[in-house]
> 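Mind having a look at this structure? Questions to follow.
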Amino acid sequence: MPKMLFAQRTSQVTAIASVATAVFLAGCSTTEVDPTAGWSPNKIYSEARDEASTGSFDKAVPLYEKLEGRAAGTPLAQQAQLEKAYSQYKSGEKAQAIGTLDRFIKLHPASEGVDYALYLKGLVNFNENLGLFSWVAKQDLSERDQKAAKDSFEAFRELVTRFPESKYTPDAEKRMRYIVNSLAQYEVHVARYYYERGAYVAAINRAQNAVSEYKEVPAQEDALYIMMLSYERLNMKDMAADTKRVLEASYPNTTLLSKGFRREDKPWWKLW
């Protein structure tokens with residue numbers, strides 16, 4: 001009996017060991033093989049650019065990440081960071097793109113690519129159709145949209161201030177004007193909305209925001225006009241008269257006093 005029991009136990013142990021070995025081998029067989037294992041940094045870069053050039057930005061990102069590690073400390077690694085950020089931006093991964101750019105600027109403050117990094121950072125948060133000019137479609141401009149626009153403006157402003165001779169500066173300046181004009185015009189749109197519904201104090205507050213926060217923009221003319229009308233409705237004659245004098249002095253050719261509000265559907269804001 002003892003010998004038979006030992007034999008049975010030996011057989012069970014052998015069976016268990018066989019199963020364990022099979023499971024281990026099966027696990028090994030499913031381990032993903034890195035196809036880039038034997039590639040040179042230049043080959044990885046070439047493949048990443050090929051993916052990006054065909055619009056496969058989601059496939060380009062991991063290749064650029066591998067290149068960052070394999071070419072660490074070289075100009076090629078810096079280039080990989082910038083192109084990864086662009087691929088993330090084009091893939092819709094805005095937060096990741098901003099994170100990549102912030103790391104690049106922090107780690108390589110003297111790099112020749114910092115101006116591009118700032119320009120791209122501005123582009124990530126820039127939107128020429130959705131949000132900034134939602135007033136055209138009578139939609140609300142969310143706080144999130146406004147924050148993105150202001151973040152975009154700050155990145156462009158840093159670029160323009162630090163690198164006035166950069167090839168990206170002229171376009172950044174146009175986009176800065178676009179952002180300021182859009183935010184100011186939105187304040188005016190909201191002010192007019194309040195005015196037309198009899199909320200004159202609210203209309204004055206929003207129009208004052210446009211006047212005080214956004215200097216030398218087309219929307220200021222309309223903002224002053226709305227303020228004047230609102231003061232008149234509130235029977236604040238002195239304030240209305242003062243505002244009218246400012247409007248006439250600032251915009252001697254204004255037609256608002258004689259013809260009233262302009263139509264809101266003219267796309268004056270298209271800059272390029």
> With a 4.5 Å cut-off on side-chain heavy atoms, are F57 and Y89 touching?
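The answer is no; the side chains never approach within 4.5 Å.
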> Hey, does L101 have a side-chain heavy atom less than 4.5 Å from the side chain of L120?
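Result yes, sub-4.5 Å side-chain heavy-atom pair found.
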> Verify, without hydrogens or angle tests, whether S56 (side chain) and A52 (backbone) share a donor-acceptor contact under 3.5 angstrom.
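Answer holds: no.
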> Contact between Q220 and E216 at the side-chain level, heavy atoms closer than 4.5 Å - yes or no?
no
> What I want to find out is whether D102 reaches K121 closely enough, with some N-O distance under 4.0 Å, to be called a salt bridge.
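A salt bridge links D102 with K121.
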> What I want to check is whether the side chains of Y119 and D171 have a donor and an acceptor closer together than 3.5 Å.
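Yes - a donor-acceptor pair under 3.5 Å links their side chains.
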> CD of E154 to CG of L159: how many Å apart, nearest 0.5 Å?
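Answer for the CD-CG pair, E154 versus L159, is 12.5 Å.
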> Check whether any side-chain N or O of T74 sits under 3.5 Å from a backbone N or O of A71 as a donor-acceptor pair, and report yes or no.
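Confirmed, T74 side chain pairs with A71 backbone.
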> Taking side-chain hydrogen bond (donor to acceptor under 3.5 Å, both in side chains) as the definition, give me every residue that meets it alongside E196, ordered by chain and number, with sequence neighbours left out.
R192
> Do Y116 and Y45 sit in the same hydrophobic cluster, where Ile, Leu, Val, Met, Phe, Trp and Tyr count as joined when their side-chain heavy atoms come under 4.5 Å apart?
no
> Can a donor-acceptor pair be found between the side chains of T36 and D34 at a distance below 3.5 Å?
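Judged by distance alone, the side chains do pair up.
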> Linking I/L/V/M/F/W/Y whenever any side-chain heavy atoms sit under 4.5 Å apart, do Y86 and L76 land together?
no
> Quick one: closest heavy-atom pair of L67 and P41, and the distance?
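Residues L67 and P41, closest heavy atoms: CD1-O, 3.3 Å.
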> To the nearest 0.5 Å, what is the distance between CZ (R245) and CG (L224)?
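The distance works out to 13.0 Å.
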> State which residues pass side-chain hydrogen bond (donor to acceptor under 3.5 Å, both in side chains) with N125; sequence neighbours excluded, sorted by chain then number.
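With sequence neighbours excluded, N125 shows a side-chain hydrogen bond (donor to acceptor under 3.5 Å, both in side chains) to no residue whatsoever.
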> Just verifying a value: how many Å separate M227 CE and T243 OG1, rounded to the nearest 0.5 Å?
4.5 Å
> Run through the side-chain heavy atoms of Ile, Leu, Val, Met, Phe, Trp and Tyr, join any pair under 4.5 Å, and report what else lands in V61's cluster.
none
> Taking S91 for its side chain and E93 for its backbone only, find out whether a donor-acceptor pair lies under 3.5 Å.
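No, because the side chain of S91 does not come within donor-acceptor range (under 3.5 Å) of the backbone of E93.
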> Please check if any side-chain donor atom of Y64 sits under 3.5 Å from a side-chain acceptor atom of E83, or the reverse.
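Indeed, the side chains of Y64 and E83 share at least one donor-acceptor pair under 3.5 Å.
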> Does any non-hydrogen side-chain atom of E47 lie less than 4.5 Å from one of W39?
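Touching, per the 4.5 Å side-chain cut-off.
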> Please walk me through it: do E68 and K84 pass salt bridge (Lys or Arg N to Asp or Glu O under 4.0 Å)?
CA-CA 9 Å; E68 282 185 77; K84 181 181 77 171; 2.8 Å; yes
> How are the rings of H108 and F104 set to each other: parallel, tilted or perpendicular (split at 30° and 60°)?
tilted
> Is there a side-chain contact between R206 and V188 in this structure, where contact means two heavy atoms from C-beta onward sitting under 4.5 Å apart?
no
> Looking at side-chain heavy atoms only, is the closest gap between M176 and I179 below 4.5 Å?
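No. Closest side-chain heavy atoms not under 4.5 Å.
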> Go through the structure and list residues passing ring pair (Phe, Tyr, Trp, His ring centres under 6.0 Å) with F153, not counting sequence neighbours.
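With sequence neighbours excluded, F153 shows a ring pair (Phe, Tyr, Trp, His ring centres under 6.0 Å) to no residue whatsoever.
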> With clusters defined by side-chain heavy atoms of hydrophobic residues (ILVMFWY) lying less than 4.5 Å apart, directly or transitively, does V201 cluster with M228?
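Same cluster: M228 reaches V201 through Ile, Leu, Val, Met, Phe, Trp or Tyr contacts under 4.5 Å.
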> With the side chain counted from C-beta on, respond yes when L234 and I204 share a heavy-atom pair under 4.5 Å apart, and no when they do not.
yes
> For T100 and Q88, does a side-chain donor sit closer than 3.5 Å to a side-chain acceptor?
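There is such a pair (donor and acceptor under 3.5 Å, judged by atom type) between the side chains of T100 and Q88.
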> What's the spacing between Y168 OH and F163 CZ if we round to 0.5 Å?
11.5 Å
> Do the side chains of D242 and Y231 get nearer than 4.5 Å, heavy atoms only?
no
> What's the separation between atom CZ in R70 and atom CD1 in I44, rounded to the nearest 0.5 Å?
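Between atom CZ of R70 and atom CD1 of I44 there are 4.0 Å.
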> Taking side-chain hydrogen bond (donor to acceptor under 3.5 Å, both in side chains) as the definition, give me every residue that meets it alongside T169, ordered by chain and number, with sequence neighbours left out.
none
> If you compare all heavy atoms of A207 against all heavy atoms of A223, which two are closest, and at what distance to 0.1 Å?
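Between these two residues, the closest heavy atoms are CB-O, 3.5 Å.
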> Measure from NZ or CZ of R197 to the centre of the six-membered ring of Y195, then state whether that distance is under 6.0 Å and the direction lies within 45° of the axis.
no
> Under the rule for salt bridge (Lys or Arg N to Asp or Glu O under 4.0 Å), what residues qualify as partners of R103, not counting sequence neighbours?
none
> Find the distance between OG (S111) and CD (Q79) and round it off to the nearest 0.5 Å.
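Nearest 0.5 Å value for the OG-CD distance: 9.0 Å.
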> Taking the six-membered ring for Trp, are F261 and Y225 parallel (under 30°), tilted (30 to 60°) or perpendicular (over 60°)?
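Perpendicular, since the angle between the ring planes exceeds 60°.
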